[in-house]
J.: 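Provided herewith is a single structure, encoded as structure tokens, for subsequent inquiry.
All chains are named by letter (A, B, ...) in the order of the sequence lines, taking the proteins before the strands, and each is independently numbered beginning at 1.
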Protein chains: 4
Amino acid sequence: MNKDSKISRPRKRGQKIRETHRREILEAALKVFSRKGYHRASMQEIAAEADFAVGTIYRFFPSKKALYEALVLEEISRFHQQMMLVFRHPPDDPLEALKAVISHRLQLVREHFSFIRMYLAELWEARFRGGFVKEIRDYYEEYLEALAGVLEGFGRRDISNRKLASIIDGILSTLIVEAIENESPLPQTEEIMEILLQPLVWEKR
Amino acid sequence: MNKDSKISRPRKRGQKIRETHRREILEAALKVFSRKGYHRASMQEIAAEADFAVGTIYRFFPSKKALYEALVLEEISRFHQQMMLVFRHPPDDPLEALKAVISHRLQLVREHFSFIRMYLAELWEARFRGGFVKEIRDYYEEYLEALAGVLEGFGRRDISNRKLASIIDGILSTLIVEAIENESPLPQTEEIMEILLQPLVWEKR
Amino acid sequence: MNKDSKISRPRKRGQKIRETHRREILEAALKVFSRKGYHRASMQEIAAEADFAVGTIYRFFPSKKALYEALVLEEISRFHQQMMLVFRHPPDDPLEALKAVISHRLQLVREHFSFIRMYLAELWEARFRGGFVKEIRDYYEEYLEALAGVLEGFGRRDISNRKLASIIDGILSTLIVEAIENESPLPQTEEIMEILLQPLVWEKR
Amino acid sequence: MNKDSKISRPRKRGQKIRETHRREILEAALKVFSRKGYHRASMQEIAAEADFAVGTIYRFFPSKKALYEALVLEEISRFHQQMMLVFRHPPDDPLEALKAVISHRLQLVREHFSFIRMYLAELWEARFRGGFVKEIRDYYEEYLEALAGVLEGFGRRDISNRKLASIIDGILSTLIVEAIENESPLPQTEEIMEILLQPLVWEKR
DNA sequence: TATGAATGAGGGTTCATTCAT
DNA sequence: TATGAATGAACCCTCATTCAT
């Protein structure tokens, strides 16, 4: 009833603590999901990793699925926010701008490595079986649009910049995935630029 | 052929029925795994879909995992065999040859559509948590080598043909995955060729 | 309908074959039950061992349990018949008679070894949880009575010969079981006689 | 004792409850295993008997086998501890000492009756198919050695005291098993002593 | 009569979720 | 609010038994 009345100040404090706990849980969840994959990860294990009781986790997330989705969403959102920074002040030269984008993306992949690994391992299922992907696609779309903006600088007319962006990011992703899969180092920006700068094949004269 | 015709007939008949049932089970499994994903699919459900009792499935496959692996492996192997046909009699013109490869691959994706959908959804978990992936990679490697052979026709020297093959197939896959995900039609061969035939970006003069 | 009419002669032949098959199945069952124990033995395995189809076994025994009970009963009955032979023409000297009994019993245990092993491993459950033990007890009782008859020769009065028989066979069994358990050779008749011939303990003078 | 009184109280309480539940489960298991035997007993049934959910049992014992082994081992260990008490202060007179041992053992059998019934029923399967038997044999060996120590008092030289102990306990066990099987009362100490005190048979003069 | 593929109830086990403390 | 013991539905798998051939 009058529950809220007398805790108006403490609430703020509680809020803060709550937020801390939430983050601790999410971090633990990331660790365990990366290690084991969604299905093999147990709430017990996540709780143990987070140094909380199972019940406590349920005070923050209503279900395992919800925890997982929150984790993915926040992590992707964070990734996305950071990614978008590179489009703030693009160099004038489109080639330099593209280089900056690629280099930034590689750097982010490096930083979010354990998340990306989990993402690759588990998210395709959601991707194809329709889960909470809408937000994720929206982010991706926003990123592609921004990249298309950069590509506009080249003034290419025969193909939409949006499509071009998609293809270029596709190549980038292909190389990244290949590296992760082979446990080899991520590609260098220069290497990628070289690939993009010339036709892959040509008509024989 | 008719060496032991007298006794082999009934055996052969049993073999045939067995093979039929096996296929029915694999088809049901494909449906259910596609619908639900590996973990959420239950043997009960697969059995029901196949119109068999659970126990029957275990007469053909020793475990759920084995069933899944057999399904993936057989389907991929078939896909691969068919894919490799295109390398049998390649046109002399490398461009024509590449076009044939791409067109053939698109066609196969169309034919194996529902399997590919399922496979993509589970691919990464399998990739990371190991399993039966070796054969699959071997197939893929064989395909890339063959593709590299085609690309040799272009006489490009600054990048290995193997790497080039990997990139080109990466682009192709990107476009295919995107199409599947968006439930839009697969790209046209010509469209892809155009992309490959010119640099994606260039230095501004 | 008139099925039976024309097979009246062949029936006899069929009977014989039937009996042969029955024995083959029982022998196979003995092998498998000894190897695996009742619960871990499967009808499949017994059928394979007997070179019959599972279904065929069910034409001879209505259930696994029935097969097991028939096996035990027949084996015990056979054991018993052979055991009782020693009482046919007992030596006049009671000591010699007892010696003959013991020696005969040890010999039979040797001959029925694999059955005895199975019996020990599985039968106690039936023994204590009331199964088909009545016949078995009847046999045992008959044997003890016969043994008591032999012991009568000693003219002991302070204890019933029946009880004495029970105790003596108990000692015998103890030694046999111990030997089986330790996988050491069965005891010698003489050794046992010596034990029986003197008090195990005495009052200190 | 009150070393860490402040924090250990709640822990201790939990411990106590845990121990209670553990005992309840073991008791239920004893009942069900007695009724049905190991194989026919189901975890469902044990859980129901214990008034717990199945899952709860698995919080205490990692598997059905482990539950069974814990049950047997604990019960036997307890039996053994109590048995060995009689060897603490043996009377000087060896006959009195032996009498005490026998009487004590009969008493313990009476007290652990329902367990012993179950144990006998499963004993042999365990014995032959290995498992946790080593500890049990060690207990038994310790007991036989102690009994041999008592028998030393008789100064018998023609047979090892260890062997004598084995035979005497064999007789004792025979009588006990027979009584249990026939659902007749256990034998009296005096009755057994009388048997031991004179030769079972003798040469006719 | 003999076969053996098919059956499906029932087993042991796991783990997301609940709720009394 | 935090706890974690308890829950029980649901999973994978086995195998005695049936029955169409």
Side-chain angles (χ1 to χ4, degrees), chain A residues 7 10 14 17-18 21 39-48 51-68, chain B residues 10 13-14 17-18 21 25 39-48 50-67, chain C residues 3 7 10 14 17-18 21 39-48 50-68, chain D residues 10 13-14 17-18 21 25 39-48 50-67:
Chain A
I7 48 165
I17 289 182
R18 214 181 140 72
H21 288 183
H39 286 98
R40 265 174 290 281
S42 78
M43 294 299 270
Q44 292 286 348
E45 193 172 351
I46 293 169
D51 257 320
F52 282 111
V54 239
T56 308
I57 295 187
Y58 279 86
R59 302 195 64 73
F60 288 84
F61 304 94
S63 71
K64 183 184 179 183
K65 197 171 173 242
L67 168 59
Y68 180 70
Chain B
R13 193 170 206 299
I17 288 182
R18 205 179 149 74
H21 288 183
I25 291 169
H39 288 285
R40 264 178 288 284
S42 81
M43 292 302 269
Q44 288 282 355
E45 191 172 354
I46 293 170
D51 254 320
F52 281 114
V54 215
T56 307
I57 295 186
Y58 283 86
R59 293 185 45 69
F60 290 82
F61 304 95
S63 69
K64 183 183 180 184
K65 196 171 173 244
L67 168 59
Chain C
K3 246 193 290 179
I7 49 163
I17 289 181
R18 215 183 138 72
H21 287 184
H39 286 98
R40 265 174 290 281
S42 79
M43 294 299 270
Q44 291 286 349
E45 192 172 353
I46 293 170
D51 256 321
F52 282 111
V54 240
T56 308
I57 294 186
Y58 279 86
R59 302 194 65 73
F60 289 84
F61 304 94
S63 72
K64 182 183 180 183
K65 197 172 172 241
L67 168 59
Y68 181 69
Chain D
R13 194 168 206 301
I17 288 182
R18 205 180 150 73
H21 288 183
I25 291 169
H39 288 286
R40 264 177 289 284
S42 79
M43 293 301 269
Q44 289 283 353
E45 192 172 352
I46 293 170
D51 255 319
F52 282 113
V54 220
T56 306
I57 296 186
Y58 282 87
R59 293 186 45 70
F60 289 84
F61 303 95
S63 70
K64 182 183 180 183
K65 197 170 172 244
L67 168 60

J.: Whole angstroms only, please: what is the CG-C1' distance between D51(D) and dT7(F)?
T.: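 One finds 13 Å between C1' of dT7(F) and CG of D51(D), rounded.
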J.: Indicate whether OP1 or OP2 belonging to dA6(F) is found under 4.0 Å from a side-chain N or O atom of H21(D).
T.: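 For dA6(F), OP1/OP2 do have a side-chain N/O of H21(D) under 4.0 Å.
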J.: List in chain and number order the residues that pass side-chain contact (heavy atoms from CB on, under 4.5 Å) with A48(C), two or more places apart in sequence or in another chain; answer none if no residue qualifies.
T.: none
J.: Could you write out DNA chain E as dot-bracket? Rules: Watson-Crick or G-U wobble, both distances under 3.5 Å, brackets [ ] for crossings, | for pairs with another strand, dot for unpaired.
T.: .||||||||||||||||||||
J.: Enumerate donor-acceptor pairs with a distance under 3.5 Å from any side-chain N or O in residues 50-60 of chain B to protein atoms, sequence neighbours excluded.
T.:
from   : atom 1 : to     : atom 2 : distance (Å)
T56(B) : OG1    : A53(B) : O      : 3.4

J.: For nucleotides 13-21 of chain E, read 5' to 3', which letter fits each nucleotide if B means a protein heavy atom sits under 4.0 Å from the base, S means only the sugar-phosphate is that close, and - means neither?
T.: BBBSBB---
J.: Could you state the CD-C1' distance from E45(C) to dC15(F), rounded to the nearest angstrom?
T.: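 It works out to 12 Å between those atoms.
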J.: With H39(C), which residues qualify under side-chain contact (heavy atoms from CB on, under 4.5 Å), at least two apart?
T.: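 Testing H39(C) for side-chain contact (heavy atoms from CB on, under 4.5 Å), a comparison that skips the adjacent residues, returns E125(C), H39(D), R40(D).
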J.: If you round to the nearest 0.5 Å, how far is OG of S63(D) from CG of L67(D)?
T.: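 Taking CG in L67(D) and OG in S63(D), the distance rounds to 8.0 Å.
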J.: Heavy-atom nearest nucleotide on DNA chain F for A53(A) versus F60(D): which residue maps closer to 5'?
T.: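 Here A53(A) is the residue nearer the 5' end.
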J.: Let me spell it out: for each of I57(C) and F52(B), pick the nucleotide of DNA chain E with the closest heavy atom. Which residue's pick is nearer the 5' end?
T.: I57(C)
